[in-house]
2 protein chains.
Amino acid sequence: MSLSPKIENFVLHCGEMGSRWGFNRTIGQMVALLVIHEQPLTANEIAESLKISRGNVSMGIKELQSWQLVKVTHIPGDRKEYYAPNGSIWDLANRVFEERRKREVDPTLTLLRDQILEGGNSPEEEYANNQIQTIHDLLETITKWSAELQRLSPEQLQTLMKLGSSVSKVIDLKDKLLKKS
Amino acid sequence: MSLSPKIENFVLHCGEMGSRWGFNRTIGQMVALLVIHEQPLTANEIAESLKISRGNVSMGIKELQSWQLVKVTHIPGDRKEYYAPNGSIWDLANRVFEERRKREVDPTLTLLRDQILEGGNSPEEEYANNQIQTIHDLLETITKWSAELQRLSPEQLQTLMKLGSSVSKVIDLKDKLLKKS
DNA sequence: TTAAAGTTTCAATAATTACTGAAACTTTAG
DNA sequence: CTAAAGTTTCAGTAATTATTGAAACTTTAA
């Protein structure tokens, strides 16, 4: 399976970006390949298209499954496994976002909680405790907010996103409503 | 300069998380150290506290400056440079967020725009073009939205964040208002 | 000026992370 | 049951990324 120049371009770019998105080059390329192809692909097709080893594909699939980004399908009368993106583009983006929050925010939140409980002993640590509390509160807000977004339906999210520059107006509106009641 | 166990814990943790936040261990530790200390620190103090080389500190500072996370200060009668966080915790988080968007989203947006302009030649590429368009639209929405958030004042952001579960109510409200007018 | 204090650069090297490919394992058709 | 088809694992190695430390550079006080 060789790729058209345009598709190859796209796949290579996603490979380069891969490490910035939280995985590695190979895995970036794999997601791109699966997303850009309407039909599911076999592990061998992936290896051949990307010119990487079969073992590497296997490890990549495993990693992608841990991110819940791929699903396995089968074609009747064919025992090979076929891989496809697990949901719409939007679903995939959502999962990456969520997974990254888990890896980038949650462990810190846990540590900070513990440190806050410890309290400040020496007076020299007063400032440090304050800073830790501030960071904690910020991260907790981000966590709650992102959980909130996850709960919205795609349509609601679209609406929210499209609010654009009127976000601040909505906030003002909310304020006024709260004051009245 | 040696660190108290609690502060050392915090600094080491931020080091481990560093690579997940978009920089490396040393830089993660440096930010943590600067944030946790009320007084600005010299490059030598940083090197000594973190037990890393002077050169490494210099490169780290440079990187942190490219992220706009540190500022240089001077103490009258002392020619050494003192480093401190460039703004509040909130400011720093904001900058990291923004910088990451630039590195993680913008390059892809540029590529996709070009690819969309190229158009689809072979009928086999129809599907690919559709996917590319979808990804493009998603990324553009994210970009616009995040620019929007940047424009809000810290207070407005606080309000927005604290809306929490009432976000969907606000959206509904907006819908109703739009229909009336 | 100049030399002492301070900072940066970068080639060499260490540490980490990713990839290969062959062997081991699993599944299924016959 | 068995052998062919398919998949996974992982030790060895390649590629990448981070760090050191010594030399070069810059700044300033005297």
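Below, read A as the first sequence line, B as the second, and so on, with proteins coming before strands; counting in each chain starts at 1.
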Would you check if the side chain of B:Asp91 reaches a backbone N or O of B:Ser88 as a donor-acceptor pair within less than 3.5 Å? yes
Which nucleotide wins on minimum distance to the side chain of A:Met59, given the candidates D:dT20, D:dT9, D:dT8? D:dT9
Nearest whole Å is fine: how far is C:dT20 C1' from A:Ile46 CD1? 17 Å
Taking atom P of C:dT9 as reference, at what distance in whole Å does atom CG of B:Asn56 sit? 14 Å
Just how far, in rounded Å, is C1' of D:dA4 from CZ of A:Arg79? 7 Å
Ignoring hydrogens and angles, state whether a donor on the side chain of A:Asn129 or A:Gln133 is under 3.5 Å from an acceptor on the partner side chain. no
Is there a side-chain polar atom (N or O) of B:Asn24 under 4.0 Å from OP1 or OP2 of D:dT19? yes
Contact under 4.0 Å: B:Arg54 side-chain N or O vs D:dT20 OP1/OP2: no
In this structure, how many angstroms lie between the C1' atom of C:dT8 and the NZ atom of B:Lys62, rounded? 8 Å
Starting from P on C:dG6, measure out to CD1 on B:Ile75 and report it in whole angstrom. 13 Å
Would you kindly give the OH-to-C1' distance between B:Tyr82 and C:dT7, to the nearest whole Å? 15 Å
Return the value, rounded to whole Å, for the distance between atom CD of B:Glu16 and atom C1' of C:dT16. 12 Å
At 4.0 Å (heavy atoms only), tell me whether A:Thr26 reaches a base, stays on the sugar-phosphate, or touches nothing. sugar-phosphate
Neighbour count above 12 (heavy atom, 6.0 Å) for B:Tyr127 OH: yes
Could you state the atom-to-atom distance from NZ of B:Lys80 to P of C:dA4 in whole Å? 17 Å
Nearest 0.5 Å, what's the CD-CG distance between A:Glu16 and A:Leu12? 7.0 Å
Judged by each residue's nearest nucleotide on DNA chain D, which is more toward the 5′ side, A:Ser19 or B:Lys51? A:Ser19
State whether B:Arg100 and A:Glu104 are salt-bridged, where the test is any N-O pair (Lys NZ or Arg NE/NH1/NH2 against Asp/Glu carboxylate O) under 4.0 Å. yes
Selected nucleotide, minimal atom distance to A:Ser53 side chain, candidates C:dC10, C:dG21, D:dT9: C:dG21
